[in-house]
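Read through the structure below, which is laid out as structure tokens, and then see the notes.
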Protein chains: 2
Amino acid sequence: MALEHAILVSLTERAGSGYELARRFDRSIGFFWPATHQQIYRVLRRMDDAGWITHTDVAQDGRPDKKVYEVSEDGRSELARWLAEPVDPAILRDGLAVKLRGASLGDTAAVLREVERHRAEHATRLETYRGIQRRDFPKPDKLNGRELHQYLVLRGGVRAEESFLGWCDEVIQAMRSESTS
Amino acid sequence: MALEHAILVSLTERAGSGYELARRFDRSIGFFWPATHQQIYRVLRRMDDAGWITHTDVAQDGRPDKKVYEVSEDGRSELARWLAEPVDPAILRDGLAVKLRGASLGDTAAVLREVERHRAEHATRLETYRGIQRRDFPKPDKLNGRELHQYLVLRGGVRAEESFLGWCDEVIQAMRSESTS
DNA sequence: CAGGACATGTAACAGGTTACATGATTAT
DNA sequence: ATAATCATGTAACCTGTTACATGTCCTG
């Protein structure tokens with residue numbers, strides 16, 4: 001019920017093809033609402049049928065044709081309607097937490113190595129976010145409207161990754177000192 | 001592919017019925033791996049068929065009969081096998097972030113109110129976690145093994161909620177001062 | 001007497017994943 | 001030559017959600 005709306009937000013910012021949307025989801029909005037290209041194609045068709053978006057076939061030389069989608073008036077009002085509704089709280093599905101909880105039922109050292117691996121991945125993601133922040137929002141005090149909202153979402157990503165890294169460090173430290181005591 | 005393993009972890013800690021598992025998921029492990037009772041019943045049957053768990057029918061007076069499940073040897077080795085595997089990074093699906101990103105395309109004030117509502121819900125959840133921490137782990141320095149791991153998972157929950165609250169405050173402050181400038 | 005907890009389940013549907021298919025261009 | 005990028009799609013499958021069904025006991 002919300003992939004449609006995530007796509008409406010993204011397409012309102014800029015029109016694009018299914019493929020382009022899938023790239024955007026990989027790089028930005030998908031950190032908060034992940035989606036594969038198959039999901040996106042399926043939902044785009046449904047939205048097109050419902051009249052929330054329209055498409056234009058664009059021929060390209062050397063590359064396959066693409067369908068560039070843009071948001072219709074109906075899509076805009078549907079988005080406005082959805083924005084005024086309450087949303088469910090964020091859903092987190094963290095296999096690493098499940099593993100840590102069961103660590104003593106298997107190879108504890110392997111779970112610790114897995115925590116270290118995740119720490120490295122999240123450190124990379126944090127650097128990505130900080131790069132975007134420096135490049136796109138160098139003066140956050142001056143922002144308002146859409147740009148401010150985009151910046152604030154990014155800040156959420158930065159905070160979440162910082163928090164995750166801090167947790168990994170706490171886990172790594174506690175598990176290391178446990179095994180040597 | 002991991003609800004099975006979350007259930008194995010929970011059932012190893014303590015045997016129980018599908019209903020009891022569903023309650024546990026609501027209160028603890030489900031904060032990191034949510035599941036409804038229907039999902040749990042379906043997966044329990046599959047695990048029973050696969051021989052990872054066994055059940056005993058327990059008659060109760062005044063209450064319906066229940067099937068108490070416990071983990072078999074095969075289940076234990078499956079869990080150990082899974083624990084040594086890499087896990088995918090945590091998946092976050094946050095409709096509030098999508099709304100904030102699109103806020104300027106609708107009623108910005110309504111989105112702000114929604115952020116305030118989520119802040120309150122997460123404050124409650126944080127208090128729940130802190131209550132468990134005080135009750136079950138009053139002296140965290142002394143912990144090791146399974147208890148240490150349970151404590152560390154809870155710490156992850158506390159950190160995540162603290163981080164979320166901090167983000168909400170940042171958003172609320174930025175959006176309020178924007179609308180008055 | 002209404003509502004909630006206890007206990008398990010079926011059925012239908014919506015959402016998400018994985019594998020495969022096609023075919024051109026560009027970079028290594 | 002090989003792989004990667006661009007671009008769209010089908011099919012099969014698994015996971016997750018919502019609604020409904022049943023029946024007892026306990027509490028307000």
Side-chain angles (χ1 to χ4, degrees), chain A residues 1-8 11 15-27 29-50 53 55-69 82 87-95 98, chain B residues 1-7 11 15-27 29-50 53 55-69 87-95 98:
Chain A
M1 285 257 161
L3 177 55
E4 280 89 338
H5 301 97
I7 289 175
L8 285 175
L11 278 183
S17 68
Y19 187 86
E20 282 162 358
L21 276 168
R23 301 289 110 246
R24 287 186 219 170
F25 269 73
D26 287 346
R27 281 185 281 99
I29 200 160
F31 288 121
F32 305 96
W33 203 275
T36 61
H37 74 108
Q38 292 86 349
Q39 252 186 97
I40 289 169
Y41 282 124
R42 191 209 267 152
V43 170
L44 279 173
R45 175 161 304 180
R46 194 157 64 209
M47 291 166 75
D48 203 348
D49 291 346
I53 54 175
H55 70 267
T56 320
D57 290 297
V58 176
Q60 300 180 113
D61 49 307
R63 286 180 189 170
D65 293 0
K66 61 179 177 179
K67 291 181 191 163
V68 174
Y69 291 94
W82 176 77
V87 228
D88 289 336
I91 287 171
L92 178 71
R93 225 169 268 276
D94 188 355
V98 177
Chain B
M1 285 256 162
L3 177 55
E4 280 89 335
H5 301 98
I7 289 175
L11 279 183
S17 69
Y19 187 86
E20 282 163 358
L21 276 166
R23 301 288 110 245
R24 288 186 217 168
F25 269 73
D26 287 346
R27 279 185 283 97
I29 199 159
F31 288 120
F32 305 97
W33 203 274
T36 60
H37 73 108
Q38 292 84 348
Q39 250 186 99
I40 289 169
Y41 282 125
R42 191 208 266 154
V43 170
L44 279 173
R45 174 162 303 181
R46 195 157 63 210
M47 291 166 78
D48 203 348
D49 291 345
I53 53 176
H55 70 268
T56 319
D57 290 297
V58 176
Q60 300 180 115
D61 48 305
R63 286 182 189 167
D65 292 2
K66 61 179 177 180
K67 292 182 191 164
V68 174
Y69 291 95
V87 228
D88 289 336
I91 287 171
L92 177 71
R93 226 169 269 274
D94 188 355
V98 175

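All chains are named by letter (A, B, ...) in the order of the sequence lines, taking the proteins before the strands, and each is independently numbered beginning at 1. Note that these values count all heavy atoms, side chains included, but never hydrogens, waters or copies made by symmetry.
Here the P atom of nucleotide D:dT17 and the CZ atom of B:Phe25 are 13 Å apart, to the nearest Å. Whole-Å rounding puts the A:Arg45 CZ to D:dT10 P distance at 5 Å. Spacing between atom NE2 of B:His37 and atom P of C:dA7 amounts to 14 Å, rounded to whole angstrom units. Rounding to whole angstrom units, CD of residue A:Gln39 and P of D:dT8 are separated by 17 Å. Atom CG in A:Asp26 sits about 11 Å away from atom P in D:dT5, given to the nearest Å. The CD1 atom of B:Ile40 sits 13 Å away from the P atom of C:dG9 (whole-angstrom rounding). In this entry the distance linking CD of B:Gln38 with P of C:dA12 reads 15 Å, nearest Å. In this structure, the CD atom of B:Glu20 is 14 Å from the P atom of C:dG9, given to the nearest Å.
Between B:Thr36 and D:dT18, a side-chain N or O to OP1/OP2 separation shorter than 4.0 Å is absent. Taking 4.0 angstrom as the limit, B:Tyr41 places none of its side-chain polar atoms (N or O) nearer than this to OP1 or OP2 of C:dG9. For C:dC6, the OP1/OP2 oxygens have no side-chain nitrogen or oxygen of B:Gln60 closer than 4.0 Å.
Stacking of A:Arg23 on the aromatic ring of A:Tyr19 is recorded, both the 6.0 Å distance cut-off and the 45° axial limit being met.
A:Trp82 has its side chain within reach of B:Val98: a pair of non-hydrogen atoms, C-beta onward, lies under 4.5 Å apart. Counting heavy atoms from C-beta outward, B:Leu11 and B:Ile53 have side chains that approach closer than 4.5 Å.
The environment of CG in A:Asp88 is sparse: at most 12 heavy-atom neighbours from other residues, nucleotides or ligands sit within 6.0 Å.
Counting only distance, with no hydrogens or angles, the side chain of A:Arg93 and the backbone of B:Leu92 share no donor-acceptor pair below 3.5 Å.
Here C:dG15 is the nucleotide among D:dT15, C:dG15, C:dG16 with the atom lying nearest to any side-chain atom of A:Arg46.
Of the two residues contacting DNA chain C, namely B:Arg93 and B:Asp65, the nearest-nucleotide position lying further toward the 5' end is that of B:Asp65. Nearest-nucleotide mapping onto DNA chain C: of B:Asp88 and B:Tyr19, the residue sitting toward the 5' end is B:Tyr19.
For a distance-only test at 3.5 Å, the side chain of B:Arg42 qualifies as a donor-acceptor partner of the base of D:dG16.
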